[in-house]
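Computed over heavy atoms, backbone and side chain alike; hydrogens, waters and symmetry mates excluded. The first residue of the sequence shown is numbered 1, and numbering continues consecutively from there.
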Amino acid sequence: MSDAVIPSAEEGALPEVPLTPLGKVVAVTSGKGGVGKTFVSANLAAALAKRGLRVLVLDADLGLANLDVVLNLYPKITLHDVFTGKAKIEEAIIKAPGGFSVLLAGSGMVEYSRLTPEVRGDFLKIMSSMVPHYDIVLLDTGAGISDVVLFAVSLASEVIVVATPEPTSLTDAYATIKVLVGQQKRQNIRMVINQTARLGDGRAITVQLQQVLDRFVTTEPGRPIKLVHMGDIPADPSVRQAVMRRQLLIQSAPGCAASLAITQLAQKIQETVIPRI
């Protein structure tokens, strides 16, 4: 891991945001865009559904939603219609390839790119009504640390941060984790390292990132931050082919290295995360 993840200057105190998790909710987030967060969310959902779980993916990137593109879906009703009262929530939930359900956001929802009291209330109402009907709800959040992203993450009992080995991704992952610790008092953050070149790279990156956090991030006594390495997804040419074809990787190339890694990730989540939430 590059030294780029080490902060160059001490940042100001972060305002605290109350943590209000809604149970069976896992946020999939990232410090920067382009690291494969939505790809991981969609394929992980399909892998969990294949294991017999009732899975819902909610596109929580309200400003720049693209889950519909990844899944090759053309929804007639989106989260925007639910927010504006034009449709009921059950009308907006559709079945995706892979056997899981999705609630898609309309791309370019500028009015929902800021966390107003109305957006906060609408989002919380929708989440509260959906969670009881599924074994797990994955929130495919936007990238970064905007107030909308942080609010969506605050509703999750567990957080998965997706990063790549690139220094810019790791720097932004560090910044995101620091905010989650400072604002939401998170103790456990789960890591998935995408596009790794060699076996074991992701675990080594997670260990080094943990060392940086231990050195530079101050936590409350007795509440250390712990990064949990959930797995690596190796760089694989099949991934680009699936993305370009707008197909799920674990359906189009189930035997490739990246598909097998996602399948292992789903197993680990079912065995170690879902029992906790």
Peer 1: Hey, could you give me the CG/OG distance between L124 and S129, rounded to the nearest 0.5 Å?
Peer 2: 10.0 Å
Peer 1: Looking at L248, L44, V243, which one forms a side-chain contact (heavy atoms from CB on, under 4.5 Å) with F39?
Peer 2: V243
Peer 1: Answer yes or no: is there a donor N or O on one side and an acceptor on the other, between the side chain of R246 and the main chain of V69, under 3.5 Å?
Peer 2: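 Checking the backbone N and O of V69 against the side chain of R246, a donor-acceptor pair under 3.5 Å is found.
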Peer 1: Please check this pair: side chain of Q184 against backbone of L150, looking for a donor-acceptor N/O pair closer than 3.5 Å.
Peer 2: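 Confirmed, Q184 side chain pairs with L150 backbone.
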Peer 1: Decide, yes or no, whether a salt bridge links R203 with D232 under the criterion of side-chain N to carboxylate O below 4.0 Å.
Peer 2: no
Peer 1: Report yes or no: do I89 and L58 belong to one cluster of Ile/Leu/Val/Met/Phe/Trp/Tyr joined by side chain heavy-atom distances under 4.5 Å?
Peer 2: yes
Peer 1: Locate the shortest heavy-atom distance separating Y134 from K24; write the atom from each residue and the value.
Peer 2: O-NZ, 2.7 Å
Peer 1: I'd like to know if the side chain of D135 and the backbone of L53 have a donor-acceptor N/O pair within less than 3.5 Å.
Peer 2: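 A pair under 3.5 Å: no.
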Peer 1: One pair to check against side-chain contact (heavy atoms from CB on, under 4.5 Å): I94 and L104. What are the steps and the verdict?
Peer 2: CA-CA 9 Å; I94 60 177; L104 300 168; 4.0 Å; yes
Peer 1: Return the minimal non-hydrogen interatomic distance between T29 and G142, and the atom names on each side.
Peer 2: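 Looks like OG1-O, 3.6 Å.
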Peer 1: Under a 4.5 Å cut-off applied to non-hydrogen side-chain atoms, are P254 and T263 in contact?
Peer 2: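 When only atoms from C-beta onward are counted, T263 and P254 do not touch, as no gap falls below 4.5 Å.
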Peer 1: Would you say that V273 contacts V26 through its side chain, given a criterion of any heavy-atom pair below 4.5 Å between the two side chains?
Peer 2: yes
Peer 1: Side chains of P224 and Q187: does their closest heavy-atom pair fall under 4.5 Å?
Peer 2: yes
Peer 1: Could you tell me whether a side-chain N or O of D68 sits under 3.5 Å from a main-chain N or O of Y74, the two making a donor and an acceptor?
Peer 2: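 The answer is no, because no donor-acceptor pair under 3.5 Å joins these two groups.
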Peer 1: Counting distance only, does the side-chain N/O of D172 pair as donor-acceptor with the main-chain N or O of S169 below 3.5 Å?
Peer 2: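 Not a single qualifying donor-acceptor pair exists.
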Peer 1: For S157, which residues count as a side-chain contact (heavy atoms from CB on, under 4.5 Å) partner, sequence neighbours excluded?
Peer 2: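 side-chain contact (heavy atoms from CB on, under 4.5 Å) check on S157 returns P21, I277.
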Peer 1: In Å, rounded to the nearest 0.5 Å, how long is the span from CD1 of I205 to NE2 of H229?
Peer 2: 8.5 Å
Peer 1: Give a yes or no answer on whether the side chain of T84 reaches the backbone of H80 with a donor-acceptor pair at less than 3.5 Å.
Peer 2: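 Judged by distance alone, yes, a pair lies under 3.5 Å.
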Peer 1: For the atom pair CD1 (I225) and NZ (K178), what is the distance rounded to the nearest 0.5 Å?
Peer 2: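 These two atoms lie 13.0 Å from each other.
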Peer 1: Between K95 (side chain) and F100 (backbone), is there a donor-acceptor pair under 3.5 Å?
Peer 2: no
Peer 1: Quick check against the 3.5 Å criterion: does S146 have a side-chain atom that pairs as donor or acceptor with the backbone of V149?
Peer 2: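 Between the backbone of V149 and the side chain of S146 there is a qualifying donor-acceptor contact (under 3.5 Å).
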Peer 1: Could you tell me the separation between the CG atom of D61 and the NZ atom of K37, rounded to the nearest 0.5 Å?
Peer 2: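 Rounded to the nearest 0.5 Å, the CG-NZ separation comes to 5.5 Å.
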Peer 1: Return yes when atom NZ of K86 has more than 12 non-hydrogen atoms of other residues, nucleotides or ligands closer than 6.0 Å, and no otherwise.
Peer 2: no
Peer 1: Between D122 and K125, is the closest basic N to carboxylate O distance under 4.0 Å?
Peer 2: no
Peer 1: Do the side chains of L227 and I177 get nearer than 4.5 Å, heavy atoms only?
Peer 2: yes
Peer 1: Answer with yes or no whether the hydrophobic clustering places I250 together with I233; edges join I, L, V, M, F, W, Y residues whose side-chain heavy atoms lie under 4.5 Å apart.
Peer 2: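 Yes, same cluster.
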Peer 1: Side chain of S259, backbone of C256: donor and acceptor closer than 3.5 Å?
Peer 2: no
Peer 1: List the steps, then state whether side-chain hydrogen bond (donor to acceptor under 3.5 Å, both in side chains) holds for T38 with D140.
Peer 2: CA-CA 6 Å; T38 297; D140 181 35; 2.8 Å; yes
Peer 1: With no hydrogens and no angle check, just 3.5 Å: does a side-chain donor-acceptor pair link Q251 and Q247?
Peer 2: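 Per modelled atom types, Q251 and Q247 side chains form no pair under 3.5 Å.
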Peer 1: Measuring from D81:CG to E91:CD, what's the distance to the nearest 0.5 Å?
Peer 2: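 If we round to the nearest 0.5 Å, D81:CG and E91:CD are 9.5 Å apart.
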Peer 1: Under a 3.5 Å distance rule, please check whether Q195 uses its side chain to pair with a backbone N or O of T164 as donor and acceptor.
Peer 2: no
Peer 1: Assess whether side-chain contact (heavy atoms from CB on, under 4.5 Å) is satisfied between L138 and L56, documenting all intermediate values.
Peer 2: CA-CA 6 Å; L138 298 179; L56 172 71; over 6 Å; no
Peer 1: Could you measure the distance from the CD atom of E90 to the NE2 atom of H133? Nearest 0.5 Å is fine.
Peer 2: 9.0 Å
Peer 1: So do V40 and I262 actually touch side chain to side chain, heavy atoms under 4.5 Å?
Peer 2: no
